[in-house]
Amino acid sequence: MSGLYIHIPFCASRCIYCNFYSTTQQMLQQQYVDALCHEMKLRQAELAKDCIHSDHKIKTIYLGGGTPSLLTEKQLSQLFACISKVWSKHLDLQEVTIECNPDDVTTAYAITLKNLPINRVSMGVQTFDDDRLSFLKRRHNREDILHAVQNLRDAGIENISIDLIFGFPEETLEAWQSDLHEAISLNVEHISAYSLTYEEGTPLFHLLKQRKIKAISEETDLVMYDSLIDTLANTGYEHYEISNFARPGYRSIHNSNYWHEIPYMGVGASAHSYNKSTRSWNISDINAYIDSIQNNELPRESEYLDLNTRYDDLVTTALRTCEGINLTDLLKQYGRKYHDYMLHEAQPHLNSGYMQIKNHHLSLTRKGLFTADDIMSDLIYIET
Ligand code: SF4
């Protein structure tokens, strides 16, 4: 195991585009933090029995949500005290990230974060436009974002990431570029940017179906993505994954491990774990999760990953990165059959300039980034 993911499923309110598992039952926060600590003890006891994994180190911790910044200073301290106690022999930390909502990051909260082992803060900024923030039903406004970044810097946090969304209904290219320039002016180390998606079951999806809003055209969406790549590259950000950009030395280590098949453990309701041969996931119901953990039972299901599934996972993760797929490792770990299959399916895309092979790595070219999903689905393994 290399990464520890801790899911904090609380949100003060629900944003209209979100389909992540989260709850507004904040009165359960303390019981939930107690359950997280208990789950970590159960998981450690389980790992201790497994001599293959017991000597593995935790190099990254990621508190994701939901909204982890709803946790109080006392609850965060409790979590980190528990991590130090339970995993004392396994900690070799390089990166500890917490996701924050900008309006939670007051001067005092930024100092609290700095005083914990946290060294990276990821904020769901989404846009600097107050009308678009209010359309999304986000809690913060533009001023909150500026204050949050300043508070984090004043407290001494040196690694800040922000998430942005583009492609809002009626958004123009100029409006998106204005958001991008505001983001750049914050001088943060890392930027993630995603096109607005209409996930089934969300209020945003219903607005679209009821024709109360109109999605922008695919062409405008692609032009916005194109301008994102150029604008950030011109200001010194490395484009290291389809949606992620970092100043040199500031790529997300935790997320990069997901894209490179490094094992991780997820604790908390709905959290996923992966150990190369199985994938498991905890129940997505906070009450059932707490009950089960209180009864010393891990509330999870798991699936065995056969070679086909692992190959498909590799296609849909490693191809997202600028390095792409290491063909030498592919041959060694998956065998000739999968290696040759991949090269055969990639050939038309290599011929048309959508893919490239450099230093034994197969990756998407700039042109290929725009049709990444189609290319990945062509490379998915189908038994003939
Ligand atoms: S704060 Fe994040 S997790 Fe919570 S509803 Fe909004 S987008 Fe979803």
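Every number for a ligand or one of its atoms is a count from 1 in the order of the listing.
Those atoms of ligand 1 that come under 4.0 Å of a heavy atom in R14, given as number and element, are 5 (S). In the vicinity of Y17, heavy-atom distances shorter than 4.0 Å reach the ligand 1 atoms 7 (S).
Residue side and main chain included, C18 places an N/O/S atom under 2.8 Å of atom 8 (Fe) of ligand 1.
Using a 4.5 Å heavy-atom threshold, the side chains of Y194 and N244 count as touching. Within the 4.5 Å cutoff, the side chain of T278 has heavy atoms near those of the N275 side chain. Residues W176 and L228 are in side-chain contact: their nearest non-hydrogen atoms beyond the backbone lie under 4.5 Å apart.
Across S69, C15, P9, heavy-atom proximity to atom 6 (Fe) of ligand 1 is greatest for C15.
For F10 and Y32, the ring centers sit closer than 6.0 Å to each other. Not less than 6.0 angstrom separates the ring centroid of F20 from the ring centroid of H7.
K137 does not count as a contact of ligand 1, since none of its heavy atoms falls under 4.0 Å from the ligand.
For atom 1 (S) of ligand 1, the nearest non-hydrogen atom of the protein is T67 OG1, 3.6 Å. Of the protein's heavy atoms, G66 N, 3.4 Å lies nearest to atom 3 (S) of ligand 1. The single protein non-hydrogen atom nearest to atom 2 (Fe) of ligand 1 is R138 NH1, 3.9 Å, given as residue, atom name and distance.
Contacts of C11 with ligand 1, taken as heavy-atom pairs under 4.0 Å, involve the side chain alone.
Classification of D104 and R139 as a salt-bridged pair holds, one side-chain N sitting under 4.0 Å from a carboxylate O.
E303 CD: more than 12 foreign heavy atoms inside a 6.0 Å radius.
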